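Only this structure's heavy atoms are used, side chains among them; waters, hydrogens and symmetry mates stay out. Quick caveat, the model's predicted, so the values are computed rather than measured.
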Amino acid sequence: MKLHFPARTGDAAWEGEAPDALEHPELYDGLALRRSLAWFLDMIVLFFLGVTLWGVVGLLTVASFFALTPLTVPLGILMAAFLPLLYHSYFIGKTGASPAMALFDLEVRSWDGSPASMAQGFLHSAIFFATVMPSTWLILLVAFLNTRRRCLHDFLAGTVVVRAAGCAAIKREVRDNGWP
């Protein structure tokens, strides 16, 4: 299976605000389930990435006969705390989707349709982790209160998560017919 990451050409998929879910249901079809599955898969990837990095830190500690312990223990703690933030920030800002999001045909766009910037990727991720854990996941219910299935971190970061195939269809429509 080949992952398709959204094109990072800087071209806007639409002009103005994000298309309405009633006019373009192909952008938002099955979004809640796909986002949940993508998050779960990303956490599995992060688990194995974290275990690998912890192993490297452990090997450094043992190889130095524990002389590097004052450096490796804080490094390991910081790594565990910031690895998910860095992972999601990088992929959202650089490619528009984490590997799991790309697998589930999702991409993060700015509200105006342009690809999400690195700053928006960081905000999107930081606000997610800052709000989801303390609210025991209840904050994600915001997605069911609007037709575009945007979560609180989407609103605050100025982003919208859409289906990549639907976004490509809108880009083709715009290319063929001009902006509506």
Would a single hydrophobic cluster contain both [Y] and [X], if residues Ile, Leu, Val, Met, Phe, Trp and Tyr are joined by side-chain heavy-atom contacts under 4.5 Å?
X	Y	value
F47	F40	yes
L86	F91	no
M43	V45	yes
W54	V56	no
V161	L22	no

Pairs satisfying salt bridge (charged side-chain N to carboxylate O under 4.0 Å, His left out), at least one member in residues 129-141, at least two apart: none

What salt bridge (charged side-chain N to carboxylate O under 4.0 Å, His left out) pairs are there with at least one residue in residues 130-150, not counting sequence neighbours? E17-R148

Heavy-atom side-chain proximity of [X] to [Y] below 4.5 angstrom:
X	Y	answer
W14	V162	yes
I92	S98	no
I170	P19	yes

Rounded distance [0.5 Å steps], [atom1] in [X] versus [atom2] in [Y]:
X	Y	atom1	atom2	result
L53	L46	CG	CG	10.0 Å
D42	L103	CG	CG	9.5 Å
L156	F128	CG	CZ	13.5 Å
E107	T159	CD	OG1	12.0 Å

By side chain to side chain contact (heavy atoms under 4.5 Å, CB included), which residues pair with [X], not counting sequence neighbours?
X	value
L123	I127, A157
D29	R163
F122	L85, S89, A126
A38	A100, M101, F104, L106

A quick test of your reading: do over 12 heavy atoms of other residues, nucleotides or ligands sit less than 6.0 Å from OH of Y87?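 Yes, the 6.0 Å shell around OH holds more than 12 heavy atoms from other groups.
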
With clusters built from Ile, Leu, Val, Met, Phe, Trp and Tyr whose side-chain heavy atoms come within less than 4.5 Å, directly or transitively, what are the remaining members of the cluster of F144, listed by chain and number? L138, L141

Summary of side-chain hydrogen bond (donor to acceptor under 3.5 Å, both in side chains) pairs that have at least one residue in residues 43-52, sequence neighbours excluded: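 Qualifying pairs: none.
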
Applying side-chain hydrogen bond (donor to acceptor under 3.5 Å, both in side chains) as the test, list every pair that has at least one member in residues 118-131; sequence neighbours left out.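 Applying side-chain hydrogen bond (donor to acceptor under 3.5 Å, both in side chains) to every pair that reaches into residues 118-131, excluding sequence neighbours, yields S110-Q120, H124-D154.
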
How close do W111 and V160 get, counting heavy atoms only, and between which atoms?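 Here W111 and V160 meet closest at CE3-CB, 4.3 Å.
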
How close do K94 and M118 get, heavy atom to heavy atom, and via which atoms? N-CE, 4.1 Å

Sorted by chain and residue number, the side-chain hydrogen bond (donor to acceptor under 3.5 Å, both in side chains) partners of N146 (sequence neighbours excluded) come out as none

Please list, chain by chain and in numerical order, all residues satisfying ring-ring contact (aromatic ring centres under 6.0 Å, His included) with F155, sequence neighbours excluded. none

Please set out all donor-acceptor pairs under 3.5 angstrom arising from side-chain atoms of residues 67-84, sequence neighbours excluded.
unit_1, atom_1, unit_2, atom_2, d
T69, OG1, F66, O, 2.9
T72, OG1, T61, OG1, 2.7
T72, OG1, L68, O, 3.2

